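Working notes for the structure below.
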Amino acid sequence: MTPEVRSDLSKLTGYHSAQVDVDVRLNTNESPFALPAAFTERLGEQMHSLDLNRYPDRDATVLRSGIALLHDVDLGEVFAANGSNEVIQTLLLAFGGPGRTALVFEPTYALHSHISKITGTTVVSAERGGDFDLQADHVAEVAREFDPEVLFLCSPNNPTGGTDDPDVVRAALDSTTGLVVVDEAYGQFADTTALDLRSEPGGDRLVISRTFSKTWALAGVRLGYLVAAPGVVAGCQQVALPYHLSALTQAAGTCALEFVAEMENQVAELVRQRESLWSQMAQLDLELWPSRSNFILFRPTTKGGHDVWQDLVERSVLVRDCSSWDRLDDCLRVTIGTSAENTRFLEALKEIL
Ligand SMILES: *Cc1c(COP(=O)(O)O)cnc(C)c1O
């Protein structure tokens, strides 16, 4: 008989997003754009000079220096890993774990609580407000009550799309003694960042996590990082597996950093597409929430959410079905795609409604 997994894991189901073979895939918030040809060429060139018979640079110094330069911080304030999910896992291995608590505000990115549980960290779930926004006094009250070792914020928040006011982050820092993690996977699509708050009181407990998966159009590479005080980075390095970041990943990330301007252009284009799609969706029978990200959360008001999802699939358009998630009854989330993809989505949606 196969041995059983840890009893505390038996109730956890794996994380997955339904993958269906369709023409228009707007379900996982990836970038719809191909990487610049010059990037692929540069990366190809670099491949030739990699000594793949050797272990990679364990500290990923070149890559981390590039990220440090991008954010105007020190090398010792950057930790990189295989996607920001691994960044979060590493943080929780070092600063969470049995007997420790992580606080999340639902609805939010499911992986924060999921990875917490996998690492044996106790999860406390609090609620977002009516419009899924967070108020500083509410955050302060809950944070004080539980004083978690790790408090998760997500700005812009997945799947609801809004950003957190700087006062929300300040309230979290003022009301806890643990780490405050702001997941900024979609940070470039918004015009606010918690990076600026690192110089304020408690800033040495503030962690900002980012990823190359969304804005950098590199979801397939698996690369994410955090910016935090050197003590936090050292804690992560203490638990990370030796050579966890492959030479290929390090090269891809380093290479990507040469294309900041192209990435920013793509982000600007997606923000334009988002505004245009949002205003067109606002004319349909939908409840929809303002987004500062690369997706829009919406709820059909005349038809069930899951039925609309199914009808979209039949028209070869895939969005994320959030209709069974807590507080998101009948809600769907659409990723901003290319202009042509967004039009296909919109036409299909109009037909269905
Ligand atoms: C997509 C996403 C990530 C990205 O995870 P990676 O492991 O870097 O691909 C992280 N946080 C949030 C909120 C996300 O939506």
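First listed ligand is number 1; within each ligand, the first listed atom is number 1. These figures come from a predicted structure and were not determined experimentally. For reference, positions follow the sequence shown, starting with 1.
- Those atoms of ligand 1 that come under 4.0 Å of a heavy atom in Cys154, given as number and element, are 13 (C).
- Residue Gly83 has at least one heavy-atom neighbour below 4.0 Å for each of these atoms of ligand 1: 6 (P), 7 (O), 8 (O).
- For ligand 1, the polar-atom distance check against His112 finds no nitrogen or oxygen pair separated by under 3.5 Å.
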Practice item. In sequence, state the C-alpha distance, the side-chain angles, and the governing distance for Asp183 and Ser84, and then conclude on side-chain hydrogen bond (donor to acceptor under 3.5 Å, both in side chains). Key: CA-CA 9 Å; Asp183 186 333; Ser84 51; 5.1 Å; no
Exercise for review: List the steps and the verdict of salt bridge (charged side-chain N to carboxylate O under 4.0 Å, His left out) for Arg25 and Glu341.
Suggested key: CA-CA 8 Å; Arg25 282 176 51 168; Glu341 289 173 325; over 6 Å; no
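- Every atom of ligand 1 is numbered from 1 in the order shown, and the set under 4.0 Å from a heavy atom of Ala185 is 2 (C), 3 (C), 10 (C), 11 (N), 12 (C), 14 (C).
- Taking the six-membered ring for Trp, Phe79 and His244 have ring centres closer than 6.0 Å.
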Exercise for review: Could you walk me through whether Asn27 and Arg333 pass side-chain hydrogen bond (donor to acceptor under 3.5 Å, both in side chains), step by step?
Suggested key: CA-CA 7 Å; Asn27 65 326; Arg333 187 195 69 196; over 6 Å; no
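- The cationic group of Arg128 does not satisfy the cation-pi geometry with Phe105, failing either the under 6.0 Å distance to the six-membered ring centre or the 45° limit from the ring axis.
- Looking only at heavy atoms of the protein, atom 10 (C) of ligand 1 is closest to Ser84 OG, 3.2 Å.
- Residue Thr211 holds the heavy atom nearest to atom 8 (O) of ligand 1 of all those in Asn29, Leu223, Thr211, Leu218.
- A cation-pi arrangement, defined by a distance under 6.0 Å to the six-membered ring centre and an angle within 45 degrees of its axis, is present between Arg58 and Tyr243.
- Aromatic pair Phe132/Trp289: centroids less than 6.0 angstrom apart.
- Every N/O-N/O distance between Asn82 and ligand 1 stays at or above 3.5 Å.
- If you look at Asn85 next to ligand 1, the close heavy atoms, those under 4.0 Å, come from the backbone and the side chain alike.
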Exercise for review: List the steps and the verdict of side-chain hydrogen bond (donor to acceptor under 3.5 Å, both in side chains) for Gln273 and Glu269.
Suggested key: CA-CA 6 Å; Gln273 290 292 332; Glu269 169 61 14; 2.9 Å; yes
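- Linking Ile, Leu, Val, Met, Phe, Trp and Tyr whenever their side-chain heavy atoms come within less than 4.5 Å puts Ile296 and Leu346 in one cluster.
- Residue-level proximity to ligand 1 for Arg222 is carried by the side chain, the only part with a heavy atom below 4.0 angstrom.
- Residue-ligand proximity, Lys214 to ligand 1, at heavy-atom distances under 4.0 Å covers atoms 1 (C), 2 (C), 3 (C), 4 (C), 14 (C), 15 (O).
- Every atom of ligand 1 with a heavy atom of Ser213 under 4.0 Å away is listed here by number and element: 6 (P), 8 (O), 9 (O).
- With Tyr225, Phe152, Phe295, Tyr109 as candidates, the residue nearest to atom 13 (C) of ligand 1 on a non-hydrogen basis is Tyr109.
- Residue, atom and distance of the protein heavy atom nearest to atom 11 (N) of ligand 1 are Asp183 OD2, 2.7 Å.
- Only the side chain of Tyr186 comes within 4.0 Å of ligand 1, judged by heavy-atom distances.
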